[in-house]
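Keep in mind that this is a model prediction, so the values were computed, not measured.
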Amino acid sequence: MAAYLQWRRFVFFDKELVKEPLGNDGAAPGTAPASGSTVSKFLCLPPGITVCDSGRGSLVFGDMEGQIWFLPRSLQLTGFQAYKLRVTHLYQLKQHNILASVGEDEEGINPLVKIWNLEKRDGGNPLCTRIFPAIPGTEPTVVSCLTVHENLNFMAIGFTDGSVTLNKGDITRDRHSKTQILHKGNYPVTGLAFRQAGKTTHLFVVTTENVQSYIVSGKDYPRVELDTHGCGLRCSALSDPSQDLQFIVAGDECVYLYQPDERGPCFAFEGHKLIAHWFRGYLVIVSRDRKVSPKSEFTSRDSQSSDKQILNIYDLCNKFIAYSAVFEDIVDVLAEWGSLYVLTRDGRVHALQEKDTQTKLEMLFKKNLFEMAINLAKSQHLDSDGLAQIFMQYGDHLYSKGNHDGAVQQYIRTIGKLEPSYVIRKFLDAQRIHNLTAYLQTLHRQSLANADHTTLLLNCYTKLKDSSKLEEFIKTKSESEVHFDVETAIKVLRQAGYYSHALYLAENHAHHEWYLKIQLEDIKNYQEALRYIGKLPFEQAESNMKRYGKILMHHIPEQTTHLLKGLCTDYRPSPEGRGDRDAPGCRANSEEFIPIFANNPRELKAFLEHMSEVQPDSPQGIYDTLLELRLQNWAHEKDLQIKEKLHAEAISLLKSGRFCDVFDKALVLCQMHDFQDGVLYLYEQGKLFQQIMHYHMQHEQYRQVITVCERHGEQDPSLWEQALSYFARKEEDCKEYVAAVLKHIESKNLMPPLLVVQTLAHNSTATLSVIRDYLVQKLQKQSQQIAQDELRVRRYREETTRIRQEIQELKASPKIFQKTKCSICNSALELPSVHFLCGHSFHQHCFESYSESDADCPTCLPENRKVMDMIRAQEQKRDLHDQFQHQLKCSNDSFSVIADYFGRGVFNKLTLLTDPPTARLTPSLEAGLQRDLLMHSKRG
């Protein structure tokens, strides 16, 4: 039970008298207008009004004359004669333009019920669709109350003898409606109300002594006794959905609320209740202090006095009185057009207009009633922004009063609407750090915190040294429950020295880099860091080994090398790791990890040898580094046995065939470490015979020079010439080697004799006896060549003389054609025939069929064509030779001219197949001269 004496009173309604519209003289219906009336007067209703109701945009009144009046929003009062005597009850439906009335047409107890259709007219008046007497039984009795269901299928009438009749069916028609007695009792019925819940319809019945409910949508109409307290007439009402459609019964001691099956809460509102009404979430009660029994209202209607009456408007949800005022002789209270209208006995109408929500809130703010303002805003369905503004003002008020705990609770309710920095600035003082912590915790729980908020909250925890709260904050069950930026939290915890908490976050949220940073840089736990890398998936393990491999190699080289071997061959995460061990193994590029071993050559060698053995297709960098490492060890080793072993390992690696594509790099490495055997091997593999020759020449290894020439002279004949020049420059006695070189030069005809003589002329120890045999053999060969050339010249001259004689004979002597057969078909010649000076004869038809030209012999044409081609080639060659000679004489750089003609193919050898095959084996004099020219060019 709630006592209303403790409830605060407010003025949330504005009161004013309703005025007549402009142009109306304000006189009551039936009276003459006052002369000279120009000022708007207060509205005055007709006298004798007994009942009132509202709905469908009008206030409806019934009077003692039997008239029903309608007052629309335009305040133009209209009416019609509904009964001959009086109107006693009215019920205006809210969803239909139907009006139900009870009145009397004859003296005595003879109440009639009339149903009016206000949308249809009959002679200017509303159409009355049904009339029937209101009699509960055989004896007439007075009607005390009336209610109609909005679906027009139920109408209940209460009587002073305790009876209730129920009209079921279409109440607007006699044919479809059935009337029956629902309730009989000993106490007058003071109130009725229908309540619809789904498909179930309940009827509340209240008398002066009890409250009951019926289920009228069924057949048996089950009844429930709700209470043994009743109320007077017009002291009951049905609330709206905000109060769950409860039935309100206003007794003199208390106001009770009922559900269809039980009694709800009650409120101790004292005073004799005259009227109870429900308006937009408010309970409106008109009462007076003078105690009057409810039964007296049925004994005498004239017993109402002109005592002062109090109208209170209660907000049952928020527990305050929204309005309270004193009126004289209230007839009724109506609700329409969003306002309350109070009718008094003097015919005046008082309008109570509810203030807007913002105005009401401002009134509460001025009184610092923030809790009540919050409740009011919620009941008025204020939006979240408006509520947040109230919470902020409430928080500011509590903060100014020094109630920081209460203030932060209000600020917490503004999260999502109010900028967090507004609150944070207020609680940055060290003495209020626990309030700031509470706010930041809630901010994170609602996932509205940024990195700065996380930093601030964690700093609060560390300042308060609240490890339990800190652990509770960071140790969430799943990733979806994380309400903060994990990386920021790790940074703050690391800076504050909470390494274990930072490690927990880093490990659980897969921030591998931060986990390893803390382990390696702060805790110095290298073993744990390496173990953690070993259980990561391949991509993370690879990237972190590249980042932290040097540190780990410096402190735990053996374990780090072991992990790298696995990472570069067939990596699978350790069993406790996050990776999938059933997935196929991965391998990293081993060459990328070589820099990690910068200061660990022993581990580097083990790693490289492991990779070359286990993974033969390792990157080239592995073999390059391994070669360099072996050469370094060989160069610095003092022990001869070990040095020999290292020598063999280096040669074996060079011969493995892994350096074909990086020949230059391997050669540079061998030269840097003075690994001569490797250098010579690589020279030979790269066909660098000149470099091999120069190497032996530099070391004056004469026998090796000859050996190189013998092994590679076929591929590079110039080696013999270099060897001859080399030995020619030596002052020592090198006759043996010079003779060997000359023998090979003479057999292969590599140099002209003059050039050989000039070369050996620089050697003071070389005598004529050294080259005597060479010169003799050379001169003999040249003599033989000269004899062969002279013989060929003589033969060519004789042939030329013979041909010239034949030409002369053809020009001066007649030619007798004695051929008897055709040279083509080999048949006897017949006229017409064709004869050529060459001696061939043809049938004319054979000649025309096989000849390509009228002037050429078909038989001689192929041979003649070859000769003509040879002549043209010689003419072209002659032209080129003349041009070449001219450029050679005029140019300052003769060798560039020769190189240019070489590039254009001018000196390509053109062989004419006119000599016997043996002649091609003997070099011509012209070829010898060309070779001499080239040799002189080389020397130049």
- Message: Would Glu107 and Leu85 count as a side chain to side chain contact (heavy atoms under 4.5 Å, CB included) here? Give the steps.
- Response: CA-CA 8 Å; Glu107 290 291 346; Leu85 292 182; 3.9 Å; yes
- Query: Can Lys184 be said to sit on top of Tyr187's aromatic six-ring, NZ or CZ under 6.0 Å from centre and within 45° of the ring axis?
  - Reply: no
- Message: Side chains of Asp329 and Thr344: any donor to acceptor distance under 3.5 Å?
- Response: no
- Message: Is any side-chain heavy atom of Leu43 closer than 4.5 Å to one of Leu71?
- Response: yes
- Does CG belonging to Asp385 count more than 12 external heavy atoms closer than 6.0 Å? yes
- Where the side chain of Ser217 meets the backbone of Thr201, is there a donor-acceptor pair that is under 3.5 Å apart? yes
- Say whether, by atom type as modelled, one donor and one acceptor occur between the side chain of Gln95 and the main chain of Glu150 under 3.5 angstrom. no
- Polar side chain donor-acceptor pair, Tyr411 to Asp396, under 3.5 angstrom: yes
- Message: Tell me whether Thr147 contacts the main-chain N or O of Ala156 through its side chain, where contact means a donor paired with an acceptor under 3.5 Å.
- Response: no
- Query: Within a strict 4.5 Å, meaning less than it, do heavy atoms of the Val211 and Tyr256 side chains meet?
  - Reply: no
- Item | Pair Ser101-Tyr83, side-chain donor/acceptor within less than 3.5 Å | yes
- Item | Among Asp252, Ile321, Leu283, side-chain contact (heavy atoms from CB on, under 4.5 Å) partner for Phe269 | Leu283
- Within the side chain of Asn318, is there an N or O that forms a donor-acceptor pair under 3.5 Å with the backbone of Phe320? no
- Check: Gln67 and Trp69 side chains under 4.5 Å, non-hydrogen atoms: yes
- Query: Does Phe10 have Lys360 sitting over its ring (NZ/CZ under 6.0 Å from centre, angle to axis within 45°)?
  - Reply: no
- Report yes or no: is the cationic atom of Arg130 (NZ for Lys, CZ for Arg) under 6.0 Å from the centre of the six-membered ring of Phe132, at an angle within 45° of the ring normal? yes
- Query: Picking from Val333, Leu311, Asp14, Val284, what satisfies side-chain contact (heavy atoms from CB on, under 4.5 Å) with Leu352?
  - Reply: Leu311
- If you take all heavy atoms of Lys355 and Thr359, which pair is closest and at what distance? CD-CG2, 4.0 Å
- Query: Is any side-chain N of the basic residue among Arg86 and Glu65 closer than 4.0 Å to the acidic one's carboxylate O?
  - Reply: no
- Message: Do Leu152 and Leu93 have side chains that approach each other closer than 4.5 Å (heavy atoms only, starting at C-beta)?
- Response: yes
- Message: Just by distance, no angles: are the side chains of Thr141 and Thr160 close enough, under 3.5 Å, to form a donor-acceptor pair?
- Response: yes
- Query: Can you tell me if Asn312 uses its side chain to pair, donor with acceptor, with the backbone of Ile285 under 3.5 Å?
  - Reply: no
- Establish, from distance only, whether the side-chain atoms of Asp227 and Tyr258 form a donor-acceptor pair under 3.5 Å. yes
- Heavy-atom neighbours of Lys366 NZ exceed 12 at 6.0 Å: no
- Message: Looking only at side-chain N and O atoms, does Ser384 offer a donor or acceptor that is under 3.5 Å from a partner on Lys417?
- Response: yes
- Item | Derivation and outcome, side chain to side chain contact (heavy atoms under 4.5 Å, CB included), residues His183 and Leu203 | CA-CA 11 Å; His183 171 77; Leu203 175 64; over 6 Å; no
- Item | Exceeds 12 heavy-atom contacts within 6.0 angstrom, atom CD of Glu139 | no
- Query: Where do Phe365 and Ile390 come nearest, in terms of heavy atoms and distance?
  - Reply: CZ-CG1, 3.6 Å
- Can any side-chain N or O of Ser239 pair as donor or acceptor with the backbone N or O of Gln246 at less than 3.5 Å? yes
- Note on the structure: What one should report as the nearest heavy-atom pair of Trp337 and Gly57 is NE1-O, 3.2 Å
- Would you find a donor on one side and an acceptor on the other, under 3.5 Å apart, between the side chain of Ser213 and the backbone of Asp261? no
- Would one find more than 12 heavy atoms of other residues, nucleotides or ligands at under 6.0 Å from atom CZ of Arg223? yes
- What's the verdict on side chain to side chain contact (heavy atoms under 4.5 Å, CB included) for Val224 and Leu226, showing C-alpha distance, side-chain angles and the deciding distance? CA-CA 6 Å; Val224 177; Leu226 297 176; 3.8 Å; yes
- Give a yes or no on whether the backbone of Leu245 and the side-chain of Arg195 come within a donor-acceptor separation of less than 3.5 Å. yes
- Item | Side-chain heavy atoms of Arg413 within contact of Tyr394, under 4.5 Å | no
- May I ask you to decide if Cys231's main-chain N or O and Lys273's side chain share a donor-acceptor pair within less than 3.5 Å? no
- Message: If you define the side chain from C-beta out and look only at heavy atoms, does anything of Asp315 sit under 4.5 Å from Asn375?
- Response: no
- What is the minimum heavy-atom distance between Gln410 and Leu398, and which atoms define it? CG-CD1, 3.9 Å
- Nearest heavy-atom contact between Leu361 and Ala373 is CD2-O, 3.5 Å
- Message: Heavy-atom count check: over 12 atoms from other residues, nucleotides or ligands less than 6.0 Å from Asp220 CG?
- Response: no
- Task: Consider only side-chain N and O atoms of Ser339 and Gln353, and report whether a donor and an acceptor are under 3.5 Å apart.
- Result: yes
- Note on the structure: Taking every heavy atom of Ala134 against every heavy atom of Phe159, the minimum-distance pair comes out as O-CE2, 3.3 Å
- Task: Determine, stepwise, if the pair Phe391 / Leu418 fulfils side chain to side chain contact (heavy atoms under 4.5 Å, CB included).
- Result: CA-CA 10 Å; Phe391 295 143; Leu418 180 63; over 6 Å; no
- Query: Do Ser144 and Leu233 come within less than 4.5 Å of each other through their side chains, counting heavy atoms only?
  - Reply: yes
- Partner of Tyr282 by side-chain contact (heavy atoms from CB on, under 4.5 Å), out of Leu316, Ile313, Leu340, Asp240: Ile313
- Message: Within the 4.5 Å heavy-atom criterion, are Asp346 and Glu328 side-chain neighbours or not?
- Response: no
- Task: Return yes if some donor-acceptor pair links the side-chain N/O of Glu362 with the main-chain N/O of Leu364 below 3.5 Å, else return no.
- Result: no
